[in-house]
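Working notes for the structure below.
For the numbers below, each heavy atom of this structure counts, side chains included, while hydrogens, waters and symmetry mates do not.
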Amino acid sequence: MAAMSEMNLVIEELRTAANALISAADSLAQMYSTPEETEAKLLQERKPLSLDEVRDILRRKCEEGFAADVKDMIAFLGAKSLKDVHPDDYEPLVNAVQALGNGGDGDA
């Protein structure tokens, strides 16, 4: 009986040590990861945008005076309207639309 309880104690200590090593490895990875790696990880964890979310983002940008640019971007994707845009293209579309007016490319 004593041998079994001693074995259980050793097993529990091994598990504790393993968890400590995993925690240390995660901390080191986070400290030394590049911003690109961190952003890529966040993108993998992020849920996909819905049509309603994209519509709301595009509507706000149109209200800021970029309606023609937004329409051009939708057309560039081969769609006549937002509802024709493939869901895989939502995020790149939103990223491009959000950049309107934020760069040095002559936009407001």
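Using a cutoff of 4.0 Å between basic side-chain nitrogens and carboxylate oxygens, R60 and E64 are not scored as salt-bridged. A salt bridge links E53 and K47; the closest N-O separation between the charged side-chain nitrogens and carboxylate oxygens is under 4.0 Å.
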(message) Does L82 form a side-chain contact (heavy atoms from CB on, under 4.5 Å) with L93? I'd like the steps, not just the answer.
(response) CA-CA 10 Å; L82 180 58; L93 175 62; 4.0 Å; yes
(request) Start with the C-alpha gap between Y90 and V85, add the side-chain angles, then the distance that decides, and say whether side-chain contact (heavy atoms from CB on, under 4.5 Å) holds. (result) CA-CA 7 Å; Y90 288 172; V85 173; 4.0 Å; yes
(request) Start with the C-alpha gap between L100 and M73, add the side-chain angles, then the distance that decides, and say whether side-chain contact (heavy atoms from CB on, under 4.5 Å) holds. (result) CA-CA 11 Å; L100 289 172; M73 290 180 183; 3.6 Å; yes
(message) What verdict does the side-chain contact (heavy atoms from CB on, under 4.5 Å) test give for N8 and E12, after you've listed the backbone C-alpha separation in whole Å, the side-chain angles of each residue and the deciding distance to 0.1 Å?
(response) CA-CA 6 Å; N8 287 338; E12 189 58 37; over 6 Å; no
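For K61 (side chain) and A67 (main-chain N/O), no donor-acceptor pair under 3.5 Å exists by modelled atom type.
Linking ILVMFWY side-chain heavy atoms closer than 4.5 Å, directly or via other members, places I74 and F76 in two distinct hydrophobic clusters.
Interatomic distance, OG of S50 versus CZ of R55, reported as 9.0 Å (0.5 Å rounding). To the nearest 0.5 Å, atom CG of residue L58 and atom CG of residue L51 are 10.0 Å apart.
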